[in-house]
Amino acid sequence: MHHRRYGDPVPELPEVETVRRGLEPRLVGRRLVEAWSHPSAKFSAAPEAVGRVVDAVGRRGKYLLVELDDRLTLVIHLGMTGQLRVAPPADADPHDRAWWDLDDGNRFSFRDIRRFGRIAVVGDDRSALPTLAALGPEPFDPSFTAEHLWRSLRASRARLKTQLLSQRPVAGVGNIYADEALWLAGVNPAARSISRPAAARLRDAIVAVLDAGVANGGTTLRDYRTVDGGTGDNQHHLACYGRAGEPCERCGTELRRRTIDARTTTWCPRCQRR
DNA sequence: GGCTGGCCCTGTACGC
DNA sequence: TGCGTACAGGGCCAGC
């Protein structure tokens with residue numbers, strides 16, 4: 001019954017938002033007094049935030065935006081296996097990639113087994129993070145309308161799932177929630193065009209699955225953790241992702257699996273016809 | 001200028 | 001049992 005052996009859990013919008021909510025009360029108002037970073041260029045910017053005070057903890061898509069004084073932003077992307085904690089300093093963990101000591105004695109630490117995460121300190125210019133700079137609207141923002149999604153998807157000939165993962169039509173959707181939303185909307189992930197009504201269904205489905213993900217505290221399949229080390233609950237509410245070989249909850253047809261642009265994709269061949 | 005594919009990393013599953 | 005190997009994936013970038 002374990003068909004989910006492929007793939008790893010990837011922090012997407014609901015997971016990053018859950019982490020953001022956990023960090024906010026622990027970081028706002030604190031000064032970063034010391035830092036350490038792994039030598040990789042992906043993490044070496046961490047010490048640039050030393051001396052700054054945290055004004056706010058925000059999020060855009062899957063990017064965590066720790067707003068500092070002096071118009072600086074500490075940008076953290078969790079990659080695939082990134083975890084953030086705020087706790088008293090502890091013994092070094094071999095997977096620690098950066099940490100910042102706070103003026104209240106706690107340590108804000110970033111642990112990332114596979115090192116797909118990234119840390120940057122930026123001002124107004126975010127061109128060093130091109131995906132962030134070109135990010136589509138937040139899914140819960142009023143500007144994310146059916147009309148916007150339809151026009152955005154119509155402007156490209158890439159497969160619909162590829163477009164969703166590009167972060168340009170909408171911010172924050174990754175492999176899990178893309179499969180869930182496409183299934184819920186009855187849209188084929190490999191198609192290269194979409195009708196207006198289908199785009200409207202897809203828009204509603206994206207909002208619905210992300211909203212449920214946030215409400216459930218994110219999806220923990222392996223590595224994702226909340227700031228206090230807890231797990232999410234949304235893994236018990238997935239209808240499509242990781243269920244290849246199981247019957248579709250809607251029509252009973254066996255869900256299929258294929259690869260789209262190097263990403264594992266699960267879909268229902270009946271509900272999601274081209 | 002859009003799109004495709006390679007790359008980064010490491011734990012895990014799998015096969016002999 | 002133990003070892004070698006394939007595999008997965010978000011974002012970035014080179015090259016068509």
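- Salt bridge annotation for A:D93-A:R111: present, with a cationic side-chain nitrogen under 4.0 angstrom from a carboxylate oxygen.
- Residues A:R168 and A:S40 both approach DNA chain B. Their nearest nucleotides, taken by heavy-atom distance, put A:R168 toward the 5′ side.
- As rounded to whole Å, 9 Å separates atom P of B:dC9 from atom NE2 of A:H38.
- Sequence order on DNA chain B of the closest nucleotides to A:A155 and A:D112 puts A:A155 first from the 5' end.
- Rounded to an integer number of Å, the gap from A:R118 CZ to B:dC8 P is 16 Å.
- Rounded to whole angstrom, the span from the CZ atom of A:R159 across to the P atom of B:dC3 amounts to 13 Å.
- A 6.0 Å sphere centred on CZ of A:R30 holds more than 12 heavy atoms belonging to other residues, nucleotides or ligands.
- A:E12 places its CD atom 11 Å from the P atom of C:dG9, with the value rounded to the nearest Å.
- Atom C1' of nucleotide C:dG11 and atom CZ of A:F116 are separated by 9 Å, given to the nearest angstrom.
- At the heavy-atom level, A:R192 lies under 4.0 Å from the strands shown only through sugar-phosphate atoms.
- When heavy atoms are screened at a 4.0 angstrom cut-off, A:T162 is found touching no nucleic acid atom at all.
- Atom CG of A:D261 is separated from atom C1' of C:dA8 by 15 Å (rounded to the nearest Å).
- The minimum heavy-atom distance between A:F144 and A:P137, with the atom names listed, is CD1-CG, 4.1 Å.
- C:dG11 atom P lies 14 Å from atom CZ of A:F43, rounded to whole Å.
- Distance A:D96 CG to B:dC9 C1': 17 Å, rounded to the nearest Å.
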